[in-house]
Amino acid sequence: MRAGPSQEDIRRHNLGALLRHVHLGGPISRAELTSKMGLNRSTIMALTSDLTAAGLVREELPRETGRAGRPSLVVRPESARVYVFAFDVGPDRLAVARVGLGGVILDRRETVRDRGRFELDELTGTLAGFARQMRRKTRDDTVCVGAAAAVSGGVRKADGVVSFGPNLKAEEVPFGEELGRRLGLGLPVSVGNDANLGALAEHSRGVGVAVRDLIYLHGDVGIGGGIIASGHLLGGHDGYGGEVGHMVVNPGGRACGCGSNGCLEAEVGERALLESAGRVSAGHQGRDAVRAVVDAADRGDIVAQEALSRVGDWLGLGVANLINIFNPEMVIFGGMLREIYLGSAAQVRTQLTLHAMAPQRERVRLRTSALGDAATLVGAAELAFAHVLSDPLEVLARLNA
Ligand SMILES: [Zn+2]
């Protein structure tokens, strides 16, 4: 006979659940926690005392209740004290943020990256250098409880190795391990696919809060995807799930960086748009170049309009397939796909009408990312907070040891 969860297991679970409420929802009264968590007042009081003693939250009297009687204390995250490092490695840029409990971006650095090569030493050196600069500015009583990176590539679940990233020029790179060594914080660095983490970010803090089935599409040089089904990120057997950019929409179409032809990313990505718009020239690439095409189309440039409409057709076809397969409640366009979608929404809608099945199509909501360019970085921060949210006191005890 298997024993049920012990008192200690239950307490650990409840501490994590309470901290998650405060982290994702912001300041909340003890009374609200009591009703949201379905626990009695004395249990909530004991849990908040433990978290307060660990320095993860603090309790305050509410400013004004407008009600008679003793007000319920408000539990707030210790955002300035407890933080994580979030890293974002895209084809054209590197970003680092120090993010406080509660999701507050306390500090942020960004630099451009040469998309033509992937030098692990140089990259991790730059990122760790930014993190060190930020740490030097922090108060003595702050504590870093995690670190994670969003990477534009496929990340193997078993060991966190970036096994492929054609747009980064990365292959079989032990990125997290090397960055962890460089940071020297005694913390592992979790690594996730950038679009997967973008999905997680929009689901926990963006336009997809409370949406249990959503698909996030992230456009950069290529197209990444993150699928959240029944509230959980779909990782697949090895962690590579959700690579919607390599869904073939046009067999025999444009060559893709993955070695195939006619992938969604090959037909919709940056290169396809710039070539169709006749705007391929040295040094003319990246998000600004994409935005310039969308702006030109807006101002009535026929060539830009045709390029956008062609790309919009392929995008719509890809989204129609995704809607048929996953029946999402929401599809979110992020990264540079935000602009592309806004510039070609009519084509996308037309393709959905032609190819998506009516019951799914009629109920799905098409939205643009609420977090914008920060989505992948915010997702990395959420990944970095995962440990402390699952076992708050253990993580604090280990760090203080
Ligand atoms: Zn491909």
Side-chain angles (χ1 to χ4, degrees), residues 193 195-196 198-203 206-220 222-236 240-254 256 258 260-270 272-273 276 290 294 297 305-370 375:
N193 168 265
N196 280 189
L200 211 61
E202 292 291 343
H203 179 59
V207 69
V209 169
V211 177
R212 288 177 57 76
D213 294 276
L214 65 81
I215 297 179
Y216 171 80
L217 297 173
H218 185 75
D220 203 317
I223 310 286
I227 297 162
I228 290 184
S230 302
H232 296 284
L233 187 67
L234 204 92
Y240 306 136
E243 281 288 352
V244 298
H246 300 286
M247 169 172 57
V248 179
V249 290
N250 183 22
R254 303 169 60 94
C256 183
C258 73
S260 179
N261 287 80
C263 297
L264 184 67
E265 130 168 359
E267 302 295 347
V268 177
E270 176 194 303
L273 181 70
S276 299
V290 169
V294 178
Q305 281 173 351
E306 280 172 357
L308 205 53
S309 123
R310 178 186 177 284
V311 160
D313 279 339
W314 292 121
L315 180 60
L317 186 58
V319 172
N321 281 317
L322 293 172
I323 288 173
N324 290 340
I325 299 168
F326 294 102
N327 184 21
E329 185 182 339
M330 183 181 285
V331 176
I332 305 167
F333 299 91
M336 73 166 199
L337 272 187
R338 188 179 180 280
E339 277 83 3
I340 290 182
Y341 167 68
L342 290 173
S344 65
Q347 281 74 26
V348 172
R349 284 278 175 198
T350 301
Q351 291 301 319
L352 296 195
T353 307
L354 289 170
H355 301 293
M357 294 163 79
Q360 286 102 308
R361 182 185 72 228
E362 285 158 8
R363 307 237 318 141
V364 71
R365 289 180 285 160
L366 305 182
R367 292 285 184 276
T368 54
S369 158

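Each residue takes its place number in the sequence, starting with 1. Treat the numbers as computed from the prediction; the structure is a model and nothing was measured.
Considering every non-hydrogen atom in both Q305 and A297, the closest pair reads NE2-O, 2.9 Å. Counting all heavy atoms, side chain and backbone alike, A272 lies closest to A266 at CB-O, 3.2 Å. The minimum heavy-atom distance linking S344 with L308 is given by the pair CB-O, 3.6 Å. In this structure, N324 and H355 approach most closely via the heavy-atom pair ND2-O, 2.9 Å. When all heavy atoms are compared, the tightest approach of V248 to S260 is CG2-OG, 4.2 Å. Here the closest non-hydrogen pair linking Y216 and A375 is OH-CB, 3.7 Å.
The side-chain heavy atoms of T368 and V207, taken from C-beta on, include no pair separated by under 4.5 Å. Contact check for R363 versus E329: no side-chain heavy atoms found under the 4.5 Å cut-off. Annotation: side chain of L217 is not in contact with side chain of Y341 (no heavy-atom distance under 4.5 Å). In this structure, the side chains of F333 and I340 stay at 4.5 Å or more apart for every pair of heavy atoms. By the 4.5 Å heavy-atom criterion applied to side chains, P328 and I323 are counted as neighbours. L317 places none of its side-chain heavy atoms less than 4.5 Å from the side chain of N250. Between V244 and L322 the shortest side-chain heavy-atom distance falls below 4.5 Å. Within the 4.5 Å cutoff, no side-chain heavy atoms of Q347 are placed close to those of L315.
Residues forming a side-chain hydrogen bond (donor to acceptor under 3.5 Å, both in side chains) with S369 (at least two apart in sequence, or on another chain): E202. Here A346 pairs with nothing under the side-chain contact (heavy atoms from CB on, under 4.5 Å) rule; sequence neighbours left out. When the ring-ring contact (aromatic ring centres under 6.0 Å, His included) test is applied to Y240, the partners found at least two apart in sequence or on another chain are F164.
R365 CZ: more than 12 foreign heavy atoms inside a 6.0 Å radius.
Remark: the backbone N or O of V348 is not paired with any side-chain donor or acceptor of D313 at under 3.5 angstrom. Judged by distance alone, with hydrogens and angles left aside, the side-chain atoms of R361 form a donor-acceptor pair with the main-chain N or O of A356 at under 3.5 Å. When atom types are taken as modelled, the side chain of N261 and the backbone of P251 share no donor-acceptor pair closer than 3.5 angstrom.
One finds the CD atom of E265 at 11.5 Å from the CE atom of M247 (value rounded to the nearest 0.5 Å). Considering CG of L366 and CG of L352, their distance stands at 6.0 Å, rounded to 0.5 Å. Note: E362 CD to T353 OG1 = 9.5 Å, rounded to the nearest 0.5 Å. Between atom CG of residue N327 and atom CG of residue D213 there is a gap of 7.0 Å, rounded to the nearest 0.5 Å. Between atom CD1 of residue I223 and atom CD of residue E267 there is a gap of 11.0 Å, rounded to the nearest 0.5 Å. Rounded to the nearest 0.5 angstrom, M330 CE and H203 NE2 are separated by 11.0 Å.
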Intermediate values then yes/no, side-chain contact (heavy atoms from CB on, under 4.5 Å), L337 and V268: CA-CA 9 Å; L337 272 187; V268 177; 3.9 Å; yes
Residues V294, L342; criterion side-chain contact (heavy atoms from CB on, under 4.5 Å); working and verdict: CA-CA 9 Å; V294 178; L342 290 173; over 6 Å; no
